[in-house]
Structure formats: structure tokens, C-alpha cells
Amino acid sequence: MPAPRHFLRFSDLSRDELEHLFARTRWIKAEFKAYRRYWPLVDRTLAMIFEKQSTRTRLSFEAGMHQLGGAAIYLNTRDTQLGRGEPVEDAAQVISRMVDLVMIRTYEQSIVERFAAHSRVPVINGLTNEYHPCQILADIYTYVEHRGAIAGRTVAWIGDANNVFHTWLEAAPIFGFKLNVSSPEGYGVDPARAAAASSFLETFADPMDAARGADLVTTDVWTSMGFEAENETRRKAFAGWRVDGAMMGRARPGALFMHCLPAHRGEEVAAEVIDGPQSVVWDEAENRLHTQKALMEFLVLGRVEAT
Ligand code: CP
Ligand code: NVA
């Protein structure tokens with residue numbers, strides 16, 4: 001049995017494979033919008049394991065699998081033996097004998113890596129503390145859909161250097177765009193990651209400077225899942241890191257605004273921005289569905305050429 005391909009980090013796919021996924025996404029999305037049935041995954045099953053909450057990720061994978069002709073099963077820690085200490089390696093052996101594809105949302109990246117190392121089938125990272133590769137797949141697709149190639153553009157990340165930011169950091173050298181980042185003291189890019197990214201990453205103390213000249217401004221919640229105990233400290237630390245109209249005014253005219261959602265208006269983003277004309281957050285959320293359908297097709301069937 002050949003080793004399965006996984007999508008645990010953005011860099012698990014090459015530029016060429018990502019471009020292929022985007023081409024497939026365009027086609028799959030157009031077929032879906034035209035109500036044409038495309039069922040390449042009939043009789044295939046996706047298991048989704050959630051250790052954290054989700055709206056978009058669950059819905060897009062579950063609906064996506066149904067729309068491709070397959071079935072999706074939702075599992076969570078509370079109702080499975082994983083919550084009672086069954087080793088991840090044992091769970092991977094068992095689950096991957098019963099389904100064709102697994103998606104996991106959990107805490108440490110090492111959990112998805114250990115699962116994948118013992119899985120017979122492809123494993124997709126549906127968010128860990130370190131990375132959120134499916135999100136950036138949809139974000140870059142959304143950028144390209146609105147503005148064309150992202151190569152040579154500047155993306156400004158305002159706020160916590162978290163899992164979503166780390167994924168932008170992996171995507172930048174693959175697609176050849178520049179990344180500006182500004183975070184409060186203590187919540188910035190760790191020095192090792194920054195040093196490795198010095199050719200395409202620029203760090204700014206003032207978020208207004210990070211936004212200057214950007215083609216895309218993006219941010220995320222001040223407190224990610226799993227860090228709720230730090231909520232009050234973070235609210236104080238992040239107070240100056242809100243994307244508002246003045247900050248968007250520093251970006252290029254026509255710059256886009258993205259947010260992975262859920263958002264907190266009045267915290268990391270002002271309502272005037274997220275609900276304003278430069279925001280593409282609803283397209284971004286919708287594209288989770290289409291890009292992940294292309295991802296599942298690729299991981300289960302390999303490279304499907306234009307139909
Ligand atoms: N953006 C995102 O992953 O949303 P959910 O937490 O709702 O899945
Ligand atoms: N950084 C956020 C993203 C949620 C989709 C979190 O990890 O909670």
C-alpha cells in the first residue's frame with residue numbers, strides 16, 4: 001500500500017499541486033453553482049474529529065463530502081474513547097481502517113502528526129495550535145479570485161502571531177508574496193521563525209506601518225481557542241491592534257480585508273471594515289467549501305485532470 005498524502009501543514013503541497021487545487025476549485029465551484037452533480041467520492045467516507053469547536057470547518061467538510069457523493073462522520077473528544085485516554089496511535093490505526101479520509105481539529109500539531117504517522121488514509125489538519133492550512137488555502141484562492149495572482153503582492157497581518165499567521169508564513173515563500181506583521185509585545189513572531197523568513201517577512205512595531213501599501217490586510221481574534229485563560233490580559237495588550245478604517249486607509253487603494261472568522265467587531269476589527277466594501281470575508285468563508293472539495297478529491301483520487 002503506497003503511503004498516503006496528508007495535508008498537515010500548508011507546505012505539505014507544492015506550488016504546482018496548490019495551483020492544481022485552485023484550478024479544480026474553480027471547476028468544482030462552477031459545477032456546484034450550476035447545480036450539476038459531481039460525485040467522484042461515492043462510497044467514500046470522511047471521519048471528522050473535533051477537539052475544539054467549529055462552525056465553518058465542520059460545515060464545509062461535511063457539506064463538501066456530501067456534495068462529492070460521499071459521507072461524513074462527526075466525532076468529538078467528549079463522545080469517543082479519545083477523551084478517555086485512548087492513544088492517538090491506536091485511534092489512527094482503527095479509524096483509518098474504516099474510512100477513506102480523516103480531518104482533525106485539535107491542540108498540538110504533534111497530535112495530527114502522530115495520527116498521520118499511523119494512518120492508512122490521508123489526514124487533513126482542520127486547525128491546531130500551530131497551523132490552519134485549510135484556511136489559507138481558501139484565503140489565497142479568494143485573493144486570486146478577486147485580484148489575480150498573489151505573487152509579488154504584500155499581505156499585512158495585524159495582531160496575534162498565531163496558527164493562522166504561521167500558515168501565511170508557510171505560504172509566502174511558496175507563492176512569492178511579502179508578509180508584513182505587527183503584533184503587541186509578547187505576542188509576536190518567535191525569533192527562530194522570523195529568522196528563517198527574513199527574506200519575505202517584515203516586522204513592524206506600529207500596525208499602521210505594517211498596513212502601509214498592503215494589497216491584503218488580515219487579522220484574527222485576540223484570543224484563540226485554548227488560550228481563554230489569557231483573555232483579559234490579551235484584551236489590554238491588543239487594544240492598539242484593531243483594523244479600522246484609518247488602518248485600511250494606509251493600505252493600497254482597492255486592498256482587500258480578510259478574517260478567518262469568527263470575528264469580534266470592536267476588538268480586532270471595526271465594523272466599518274468587516275462590513276465595508278473592501279471586506280471579502282463571506283466569499284472567504286464560502287471558499288472553504290470549494291477549496292476543501294478540491295483538496296479531498298486530490299487526497300483520495302490523486303490528480304484528476306479537467307473533466
Ligand atoms: N475559520 C474557521 O476555521 O472557522 P470555524 O472555527 O468556525 O471552523
Ligand atoms: N486563531 C483562531 C482561529 C479560529 C478559526 C483559533 O485558533 O481559535
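This is a predicted model, so every value here is computed, not measured.
The hydrophobic clustering, which links ILVMFWY residues whose side-chain heavy atoms are closer than 4.5 Å, places Leu82 and Leu8 together.
Note on ring orientation: taking the six-membered ring where Trp is involved, the planes of Phe175 and Phe10 are tilted (angle from 30° to 60°).
Sparse packing is recorded around CE of Met98, with 12 or fewer heavy atoms of other residues, nucleotides or ligands lying under 6.0 Å away.
Side-chain atoms of Ser60 and Gln292 include a donor-acceptor pair closer than 3.5 Å. For the residue pair Trp241/Ser183, the side-chain donor-acceptor check at 3.5 Å is not satisfied. Using a 3.5 Å distance cut-off with no hydrogens or angles, the side chains of Thr223 and Asn231 do pair a donor with an acceptor. With 3.5 Å as the limit, one finds a donor-acceptor pair spanning the side chains of Ser11 and Glu170.
For the side-chain contact (heavy atoms from CB on, under 4.5 Å) with Phe257, the lone residue among Leu216, Val281, Val280, Thr218 that qualifies is Val281.
Val181 places none of its side-chain heavy atoms less than 4.5 Å from the side chain of Trp168. By the 4.5 Å heavy-atom criterion applied to side chains, Pro4 and Val121 are not counted as neighbours. The side-chain heavy atoms of Lys52 and Asn129, taken from C-beta on, include a pair separated by under 4.5 Å.
Every residue two or more places apart in sequence or in another chain that forms a ring pair (Phe, Tyr, Trp, His ring centres under 6.0 Å) with Tyr187 is listed here: Phe238.
Membership of the apolar cluster around Phe32 extends to Leu289, as traced through chained side-chain contacts below 4.5 Å between ILVMFWY residues.
Cation-pi geometry between Arg153 and Tyr143 is not satisfied (NZ or CZ under 6.0 Å from the ring centre, within 45° of the ring normal).
Side-chain N or O atoms of Arg5 include none that pairs as donor or acceptor with a backbone N or O of Leu299 at under 3.5 Å. At distances below 3.5 Å, at least one donor-acceptor pair connects side-chain atoms of Ser198 with backbone N or O atoms of Ala195. A donor-acceptor pair is defined here as one N or O able to donate and one able to accept, closer than 3.5 Å; such a pair exists between the side chain of Ser96 and the backbone of Ala92. With hydrogens and angles ignored, the 3.5 Å screen pairs a side-chain donor or acceptor of Arg147 with a backbone N or O of Gly254. Distance alone, capped at 3.5 Å, is enough to place a donor-acceptor pair between the Arg105 side chain and the Gln53 backbone. Side-chain atoms of Gln109 do not come within 3.5 Å of backbone N or O of Glu130 as any donor-acceptor pair.
The pair Glu86-Arg84 fails the salt-bridge criterion, with no side-chain N (NZ, NE, NH1 or NH2) lying under 4.0 Å from an Asp/Glu carboxylate O. The pair Arg303-Asp16 counts as a salt bridge, with a side-chain nitrogen and a carboxylate oxygen less than 4.0 angstrom apart. Look at Lys33 and Glu286 and you find a salt bridge, because one of the NZ, NE, NH1 or NH2 atoms lies within 4.0 Å of a carboxylate O, short of that distance. Look at Lys293 and Glu297 and you find no salt bridge, because none of the NZ, NE, NH1 or NH2 atoms lies under 4.0 Å from a carboxylate O. Between Arg212 and Asp209, at least one side-chain N (NZ, or NE/NH1/NH2) sits under 4.0 Å from a carboxylate O, which counts as a salt bridge.
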